[in-house]
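Numbering of residues begins at 1 and proceeds along the displayed sequence. These numbers were taken from a predicted model, which means no experiment stands behind them. The figures here come from the full heavy-atom set of this structure, side chains too, leaving out hydrogens, waters and symmetry mates.
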Amino acid sequence: MRALRRAVLTATLITLGVGVLPMPAHAGTGRGAAGQTLTVTPSAGVGRSGAKVTVAGSGYDVTKGIYVAFCVDNGAGVTPSPCGGGADTTGSTGASHWISSNPPSYGEGLAVPYGTGGSFRVSLTVATRIGDVDCTVRRCVVASRTDHTRTADRSQDVRVPITFAAGAAPARTTAAAPATSGVGGSTGRTTPPAAAPTGAVAAPTGAGPASAAVGPTGGVPTGADGGVDQAGRTDQADQAQVTRVSAASDTGRWWLAALVVPLLGVALLAGLRRRRRRRATS
């Protein structure tokens, strides 16, 4: 009986532990043509204003400096641009970071050097807008790209798409129907005006049609490059693969539950066998 009680207590504690474990964040992973790996956590359901994401990279060419930034995705082979924060070589805005192990002389102390195996780990601040671009409508990504010393080199391009949490639904308002006033100020049917006497010339009552001027519609700028690529080139020789997103969900708890059930069954069988042996020897 003691073994059975211990098994039940152990299974109960494990089940409670599963219930209180924090949910895993949605992580997105992208891979480059040369085997680089870029992981962003979280990449889905991100807060809509000033949210921070963690960006980790590995397998990058340490001889080439890169920028890591939140940018508008223009498709494979095209420089991701514009980017939030612009060419922030100091990383002070949190919208982009400069990673380089051999920067120019003016970049010494500003650029963050690579770690072992071409790795790095930084934090980025992202929001739903990059300039005039709405990232809930356009595809925006956390991207790595060569720095301003190699603007035409697309070998370090890796992208991870970012999606934001749903916004609050606007409140519905119901407009009250205008009431018509009759004679004496009471609400009711409007009394029609008396007919003009025969032969009289009726005075005009309606004003002429007013002309409405339609203002120009502002579009999304496509030529300006507010990103880290100061040259704004769009080399078509991009070999970076399309980013893949791996999002963990609530189903991540089931594997723990799958471990609990077999353990509970084994413990119960062990308890029953001990109980039978005790009865047989008694």
Side-chain angles (χ1 to χ4, degrees), residues 28-30 32 36-44 46-57 60 64-100 103-104 107 110-112 114 120-164 219-238 240-243 245:
T29 300
Q36 308 98 319
T37 300
L38 188 69
T39 302
V40 181
T41 309
S43 65
V46 179
R48 299 175 68 89
S49 176
K52 288 188 176 181
V53 298
T54 300
V55 185
Y60 282 78
K64 300 178 180 180
I66 62 171
Y67 285 119
V68 179
F70 182 52
C71 310
V72 178
D73 186 18
N74 297 313
V78 182
T79 305
S81 174
C83 298
D88 181 16
T89 58
T90 65
S92 59
T93 66
S96 63
H97 290 276
W98 186 15
I99 314 294
S100 179
L110 298 179
V112 178
Y114 286 103
F120 60 87
R121 186 181 185 90
V122 295
S123 178
L124 285 181
T125 301
V126 300
T128 55
R129 301 194 73 87
I130 299 177
D132 294 332
V133 179
D134 185 351
C135 290
T136 64
V137 179
R138 288 279 302 275
R139 174 182 160 109
C140 295
V141 296
V142 170
S144 64
R145 47 184 282 192
T146 52
D147 61 18
H148 57 279
T149 63
R150 301 171 182 264
T151 56
D153 188 346
R154 304 266 63 81
S155 64
Q156 300 284 67
D157 284 7
V158 187
R159 296 180 293 271
V160 177
I162 298 297
T163 58
F164 293 90
V220 177
T222 58
D225 184 358
V228 295
D229 187 355
Q230 299 173 351
R233 303 182 183 177
T234 56
D235 190 345
Q236 300 298 324
D238 186 9
Q241 300 176 0
V242 176
T243 306
V245 176

* Structure fact -> Heavy-atom closest pair (P42 atom, K52 atom, distance to 0.1 Å) is CD-O, 4.2 Å
* Asked: For the atom pair CG (L38) and CD (Q156), what is the distance rounded to the nearest 0.5 Å?
  -> 11.0 Å
* In Å and rounded to the nearest 0.5 Å, what is the CD1 to CG distance from I66 to D153? -> 11.5 Å
* Between OG1 of T136 and CZ of R48, what distance do you get to the nearest 0.5 Å? -> 5.5 Å
* Heavy-atom closest pair, residues S100 and Y114 -> CA-CE1, 4.2 Å
* Kindly determine whether I162 and V40 satisfy side chain to side chain contact (heavy atoms under 4.5 Å, CB included), including the steps that lead there. => CA-CA 9 Å; I162 298 297; V40 181; 3.9 Å; yes
* Of the non-hydrogen atoms in V68 and L124, which two are nearest, and what is the gap between them? -> O-CD2, 3.9 Å
* Could you grab the distance from atom CG of L110 to atom NE2 of H97, nearest 0.5 Å is fine? => 13.0 Å
* Can you find a heavy atom in the side chain of T146 that is under 4.5 Å from one in the side chain of Y67? -> no
* So how far is it from R139 CZ to D73 CG, rounded to the nearest 0.5 Å? -> 4.5 Å
* In a single word, yes or no, tell whether C135 and C140 have an SG-SG distance below 2.5 angstrom. => yes
* Structure fact -> Heavy atoms of F164 and G47 approach each other most closely as CD2-O, 3.3 Å
* Asked: Under 4.5 Å between any side-chain heavy atoms of V160 and T29, yes or no?
  -> no
* Asked: Under the 3.5 angstrom rule, does the side chain of S43 hit a backbone N or O of G28 as a donor-acceptor pair?
  -> yes
* **Derivation of the side chain to side chain contact (heavy atoms under 4.5 Å, CB included) call for R121 and T54** => CA-CA 7 Å; R121 186 181 185 90; T54 300; 3.6 Å; yes
* Asked: Can you find a heavy atom in the side chain of K64 that is under 4.5 Å from one in the side chain of D147?
  -> no
* Heavy-atom pair with the smallest gap, counting every atom of I130 and P82 -> CG2-O, 3.9 Å
* Structure fact -> d(S144 OG, Y60 OH) to nearest 0.5 Å is 3.0 Å
* Check whether any side-chain N or O of D157 sits under 3.5 Å from a backbone N or O of A143 as a donor-acceptor pair, and report yes or no. => no
* To do: For residues D132 and R129, report the shortest heavy-atom separation together with the two atoms involved.
  => O-NH2, 3.1 Å
* Asked: Quick one: does T79's side chain get under 4.5 Å of T151's, heavy atoms only?
  -> no
